[in-house]
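Notes follow once the structure below has been shown.
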Amino acid sequence: MNQWEVFVMDVAELAEGQDIELTIRTLNPGLHKYTYKRVRAQVSSDLKKFPDQLQVRLGRGQMSKSRFSIKVLGDVQRMPAKYL
Amino acid sequence: MAAPRSNREFVEACIKSGDAVRIRQEVDWDNEAGAIVRRACELEAPAPFMEKIKDYPGFSYFGAPLSTYRRMAISLGMDPASSLPEIGREYLKRTNSEPIQPVLVDRKDAPCKENILRGADVDLCKLPVPLVHDGDGGRYVGTWHAVVTKHPVRGDVNWGMYRQMMWDSRTMSGAVFPFSDLGKALNEYYLPRGESCPFATAIGLSPLAAMAACAPSPIPEPELVGMLSGEPARLVKCETNDLEVPADAEIIIEGEICPDYKVEEGPFGEYTGYRTSPRDFRVTFRVNCITYRNNATMTISNMGVPQDEGQLLRSFSLGLELEKLLKSQGIPITGVYMHPRSTHHMMIVGVKPTYSGIASQIAQLAFGSKLGPWFHMVVVVDDKTDIYNWNEVYHALCTRCHPANGIHIYRNAPGTPLYPFATPHERKYSIGSKVLFDCLWPLDWDPVNDVPTTVSFKSVYSQEIQDRVTSNWTAYGYPPVK
Ligand SMILES: Cc1cc2nc3c(=O)[nH]c(=O)nc-3n(C[C@H](O)[C@H](O)[C@H](O)COP(=O)(O)O)c2cc1C
């Protein structure tokens, strides 16, 4: 199970039951903790529905009480290839 | 005492004078180190030198490098007990002296080249990048550092302290404001042409190099370091671009600023004492190479409520640079002071009120200068008010500033997204507004019959009565006055 975190202005941005694009950061312990990636994912407020957990922070870093489970469907690469 | 030439010499000097403590037990990079630095700032305690960092053997941290005037004095090679006006005079003397050009040293003489990561080895997570405050948008690589760039046409070099967040192993994002030197170069040149801008981030600088990187001085920073320290700054060529970086820095991160790609940055604990600026897509730095010293020390500034170096040092240099500007215009000022607790928002200017409108002239110069976006209040007091004595300034502000005639508001000025009082719209578009508090008696008042006379022990009694009372003070039954 992976732990992820997302920053949103409004929890409503985390629409359930559809594919959404999110910038999430890993909370897994280790050297890469807090690094980001852009993904396509599905989220659910049913914490058992998907394999990974998603914690939510609001605009100024406040922890939201809302918790989600998340399924990462794939990475989204926005960076132009010349920088890779 | 000579000015410390590197962060290492500075740490040693601070430990020797009791202005830094060596922390030998292991400290976690994930919040714990940040919390130590924050507490040290709020208690105005010695700077923490953390020798052992969880997950990062061989690296250390030095936090709150310049968050006290004592450490500022040490950085200038002065007696740590020097007073603020003494430190200020020294800064003005040195920054008005002849420029001292930097020297270029060979790679083999540059400690920052002791370890080099290139290609697939490049990974910012190999550095002990701290999570400075819980809830920050990321781990911040650059909190006390210099981002080195060069103007593509004019060729002048810029070192600026612009915060940098680690987004992934090879990407950082940062808040480079459009009115800063780098912001201007990006907006005027690189972005319209779609060209990437080479950069190098230098971390673990000598304290005077760090001071230069965040000083709002027009002097190119490598020369300014020379003037401040009295000897040429030692620079060395980068591995992957043409930039030159301080040879004695602890860590160098080389790369390019992407003109066509942005990632999110923030939120972050800021010098105002809040997290104010919204998370946004900001200037994005792609990393191509990392070099670092053996046993490298990462420097950390933890900004928040007073007092940290963001407030202390910036108040100091903004105030003194404004002093230079006002003097260059021939305005008869007695001095300029920013109290660090104003989080560098209030300029206090003392002036001999020799003509009408002088306060307004001062405010317009201050707000209209390159320094202007960083503060929004100017308080002008007369030459008899001690600008360093808050009690006197506060008294003048509350008694001499006419609520209808003495407060002047300037709208639509340059601002930053960091102003806590600004509306969300103003923050998003960096729209500022400014205010002048004119605490001078108007010159069209009769000085004898209209201007109130100050009622104080020193002003209303004859010297003879004052001497009698002070010499009899203990005889009256009071304890001696220190
Ligand atoms: C700890 C610290 C952090 C700073 N962070 C930023 C920043 O993120 N963005 C910015 O534009 N200025 C920042 N500043 C202010 C600049 O360092 C300062 O304006 C400096 O003069 C560089 O600007 P210039 O390029 O206009 O000379 C910071 C200053 C300090 C002391």
Side-chain angles (χ1 to χ4, degrees), chain A residues 1-15 19-41 43 52-68 70 72-84, chain B residues 28-31 53-56 123-141 165-173 194 196 255-270 274-281 284-288 420 424 427:
Chain A
M1 187 193 69
N2 295 304
Q3 289 278 355
W4 302 101
E5 193 167 53
V6 70
F7 281 78
V8 292
M9 296 299 279
D10 186 339
V11 180
E13 291 171 35
L14 301 169
D19 286 10
I20 50 176
E21 237 186 77
L22 294 174
T23 298
I24 54 174
R25 65 182 186 184
T26 172
L27 296 183
N28 291 349
L31 297 191
H32 290 86
K33 189 174 176 188
Y34 300 118
T35 53
Y36 285 98
K37 59 181 187 167
R38 185 80 179 170
V39 296
R40 264 185 323 106
V43 299
D52 292 355
Q53 297 299 302
L54 180 70
Q55 184 171 294
V56 182
R57 286 193 187 264
L58 300 169
R60 299 298 179 275
Q62 311 92 320
M63 184 88 81
S64 162
K65 289 198 179 67
S66 307
R67 289 273 197 285
F68 293 81
I70 178 169
V72 175
L73 303 168
D75 289 357
V76 177
Q77 188 53 264
R78 290 186 303 185
M79 180 176 266
K82 62 185 171 185
Y83 300 116
L84 297 175
Chain B
D28 198 335
W29 56 267
D30 187 356
N31 277 306
I53 303 165
K54 183 168 172 244
D55 300 331
Y56 292 98
D123 183 350
L124 291 166
C125 296
K126 291 181 179 169
L127 302 174
V129 180
L131 186 78
V132 178
H133 319 88
D134 195 24
D136 279 350
R139 292 163 70 177
Y140 273 75
V141 181
M165 184 189 97
M166 175 165 73
W167 199 86
D168 68 16
S169 295
R170 276 192 56 199
T171 314
M172 304 186 288
S173 46
S196 60
E256 53 193 316
I257 300 175
C258 310
D260 45 3
Y261 175 65
K262 280 184 177 174
V263 294
E264 301 89 341
E265 192 265 348
F268 187 53
E270 291 161 350
Y274 305 89
R275 266 191 199 116
T276 303
S277 61
R279 182 175 170 87
D280 207 347
F281 289 88
T284 296
F285 302 80
R286 189 71 173 156
V287 178
N288 297 324
R427 285 182 214 158

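Chain letters run A, B, ... following the sequence lines, proteins first and then strands; every chain starts at 1.
In plain terms, the two heavy atoms of B:K262 and B:F281 that are nearest each other are O-CD2, 3.4 Å. Across B:R170 and A:Y83, no two heavy atoms sit closer than the pair NH2-O, 3.8 Å.
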Which is it for B:R275 and B:D136 under the salt bridge (charged side-chain N to carboxylate O under 4.0 Å, His left out) test, yes or no, and what are the steps along the way?
CA-CA 9 Å; B:R275 266 191 199 116; B:D136 279 350; 3.1 Å; yes

Q) Under the side-chain contact (heavy atoms from CB on, under 4.5 Å) criterion, do A:R67 and A:Q53 qualify, and how do the steps go? A) CA-CA 8 Å; A:R67 289 273 197 285; A:Q53 297 299 302; 5.6 Å; no

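Relative orientation of the B:Y56 and B:W29 rings is perpendicular, given thresholds of 30° and 60° on the angle between their planes.
Atom-to-atom distance recorded for A:Q55:CD and A:I24:CD1 is 12.5 Å, nearest 0.5 angstrom.
Residues from residues 123-133 of chain B that place a non-hydrogen atom less than 4.5 Å from a non-hydrogen atom of chain A comprise B:D123, B:C125, B:L131, given in numerical order. Within residues 2-10 of chain A, the residues that have a heavy atom under 4.5 Å from a heavy atom of chain B are A:F7, listed by number.
In this structure the side chain of A:V39 never reaches within 4.5 angstrom of the side chain of A:L73, judged on heavy atoms. For the pair A:M79/B:R286, a side-chain contact is recorded, criterion being any heavy-atom separation below 4.5 Å from C-beta on. The shortest side-chain heavy-atom distance between B:E270 and B:S277 falls under the 4.5 Å cut-off.
Contacts of B:F268 with chain A are absent, with no heavy-atom separation under 4.5 Å from either backbone or side chain. Within the 4.5 angstrom heavy-atom criterion, no atom of B:N288 approaches chain A. Heavy atoms of B:T171 lying under 4.5 Å from chain A belong exclusively to its side chain. With a 4.5 angstrom heavy-atom cutoff, A:R60 touches chain B via backbone and side-chain atoms both.
Salt bridge B:D260/A:K82: present, at least one basic N to carboxylate O contact under 4.0 Å. A salt bridge between B:R279 and B:E265 is absent, with no side-chain N of the basic residue lying under 4.0 Å from a carboxylate O of the acidic one. Taking 4.0 Å as the cut-off between side-chain N and carboxylate O, A:K33 and B:D30 count as a salt-bridged pair.
Annotation: maximal heavy-atom pairing with chain B below 4.5 Å, among A:T35, A:L31, A:L58, occurs at A:L31.
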